[in-house]
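In what follows, every chain begins at residue 1, and chains take the letters A, B, ... in the order their sequences are listed. Worth saying up front: this structure is predicted, and the values here are computed from it rather than measured.
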Amino acid sequence: MKPTLHFLSDSLAQQIIDEAFHTLCTLGIEIQDNTLLSLLAERGATVKKESSRVIFTEDIINNALKDVPSTFCLYDIHGHQTHDFSHANVHFTPGSSALHITDKEGIKRKPMTADYIQYVKLMTRMDHIASQSTAFVPDDVNEQIADSYRLYLSLMFGSKPVVTGTFSEKSFDIMKSMQIVIRGSEVALAEKPLTIFTCCPNTPFKWTDETITVLTACAKASIPIELVSVPMTGFISPVTLAGTLILHTVENLSGLILSQIVNPGTPVLYGGCASVYDMRHSTMSMGAVESMMLACGSAQIGQTLGLPTQAYIALSDSAHLDAQAGMETGMGAVMAATAGISNISGPGIHDFLNSFSLEKLILDNESCAMALRAAKGIEPKEDFPAIPLFEELLKETHLLISDHTRRHFKKEILFPGPVIDRSNSLTRTASPPTLMERAHSEVRRHLHAYEAPALAEDKRQELMRLMKAEAARHGQEHLPNFSDTE
Amino acid sequence: MNILQKLSEAIQQGDDRLAASATQKAIEQQLQAAEILNNGLIAGMDIIGQRFRDMEIFLPDVLMAARAMHAGMDVLKPLLLQAGVESRGKIILGTVKGDLHDIGKNLVAIMLKGAGFEIFDLGVDVEAGRFIDAAVKEKASIIGLSALLTTTMPAMKEIIDLLKERGLSDQIKIIVGGAPLSQESANTMGANSYAKDAASAVETIKAMMV
């Protein structure tokens, strides 16, 4: 039996959905896009042009819920399936868009291209994190190409699908072109999605022209979207968790409607980044237990609506790779996995989403493995009747070489990598390696063992041509040299 | 692949039947007992030991290999006795007085046997004098002491002190192991060596025999 973590009763989940419907059909949402306003008006919505506010109808909401796919898959650069978002399958992806990197000495600094390439190389070897994300922003390129440049590096050095995003249509166009280079055509890309674009409404109750542009562009190209409402309790959403979930549901449903109006059938993850606003420290606390409950609760709403889900969880507020970082990330990972969240965004990130750590990514990969193991639950395997095995135990005094042990131990028990301290040798030496030292050693080992994905040379050249042209368009004649990455 | 390589492979695969038949074939090919032991059986166990230390394989794999080693040894033993080939060494093992835990000590015994040592296992809750008497009687050069409890660790020092009192500490070395021990505590009590687990016990004892 797969364990299932629920924070909402079925009746409360339905009550939240009903209240969100009522809010959409009464208070409405501000949408700064005239084309969409016209499309919505044609479908019976009330559009207040002076405020760009749209009052929806239940039919519009229900039709969108009928059109949106109940599941979809992702594929790597070679076209092999990596994700199947059906049946409450769980996948992890690194957190994204950090502005800093925390190095092995625990010092935060601006990341460079070399850091990003190392991250992508590491991601090819993280067995328990299914996709890449455009995790942090290299500071050695023009910020106007930062989004496309991160996707470019991810495709040049990595193979896994990429969770990404941008706020500009031109940037989106180049990012779409890069994906078409990989797949061969726009149709082939729609058949085998390679990326998910994060689309965030402007909480509360608004889609600005910037945020809606990319949602619209994704929908037109059938590129999957993750809708990520970002409420903060007591600040820009009700302080109560149920109240915040109502607001979150309103915003996500509005985004879902827009995507399906532009192109019915656009794949959507019902996502979220709801958080506690800590009123002592004036911080957005993603490590707060209530933020984790909101992540699981919002996913439960998505599941109730019949959608694959996403949430920002399995990350930490801690500034360091310390016990707090491990506790918050591990706790979130297990909660998210047992809540059946389809795509869990968080590993690698810490310091209130501000910083990314390669060493933390290594540790978090193990947390993800443990969470995925926990989510599988306990299943009987040749355990009934028990007496024959117990008789063997009494006779032999141990079961270490029992056929039963040898058949099952590798699948039943998770064996973590060396970053997890289970060996006496680590604790019995005079100065055992610290967690950071063990993690850094693993970073070096994985980078040494990295093998570049076999991307055809003509595709590499075309990606480079696209990226150079995009950089030149923004006044950057030369991109950082890849040979500086080690 | 010659017969000794096949024997080594059988050990590594933990296949006791294949190990026994390969040992028999090696004997039929007129190979020397020492050659079969060193280049077939022990060679296979050495590879297994290294792979275990490198975390490529798991304890059940090592124990299966040790079982295959025993199967080969059973076939080879008459020839070894006839040829006067001695074991790698004689080891006295036991859990110290007041301590009834034996899982770790038994693992060490299995792996040492697998590595070609002759083991005299005195069991659990063993009086200090019995370890020394057994070592003298069997002409063993190493005593391995096991303890799981911090409360029984002092019994290890009693044995080390008794060995000194009897003037035998030059001929008989002491290796200690068990959950509450460390290299530091082994040094403090005056043990010659410390092993953190069964695999390293084999390697440490090999080094002590040199």
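The shortest heavy-atom contact between B:P60 and A:I401 is O-CG2, 3.7 Å. Scanning both residues, B:V96 and B:A147, for their nearest heavy atoms gives CG2-CB, 4.0 Å. Between B:V124 and B:D99 the shortest heavy-atom distance is CB-O, 3.7 Å.
Salt bridge status for B:K206 with B:E203: present, with a side-chain N to carboxylate O gap under 4.0 Å. The pair B:D125-B:R130 does not count as a salt bridge, with every side-chain nitrogen at least 4.0 angstrom from each carboxylate oxygen. Under 4.0 Å is where a charged nitrogen must lie from a carboxylate oxygen, and between B:D54 and B:R51 no such pair does. A salt bridge does not link B:K137 with B:D133: none of the charged nitrogens is closer than 4.0 Å to a carboxylate oxygen.
Side-chain contact check for A:S131 versus A:N343: some heavy-atom pair is nearer than 4.5 Å.
The interface of residues 63-78 of chain B with chain A, defined by heavy-atom distances below 4.5 Å, comprises B:L63, B:M64, B:R67. For residues 359-385 of chain A, a heavy-atom distance under 4.5 Å to chain B picks out no residue at all.
When ring centroids are compared, B:F52 and B:F58 stay outside the 6.0 Å threshold.
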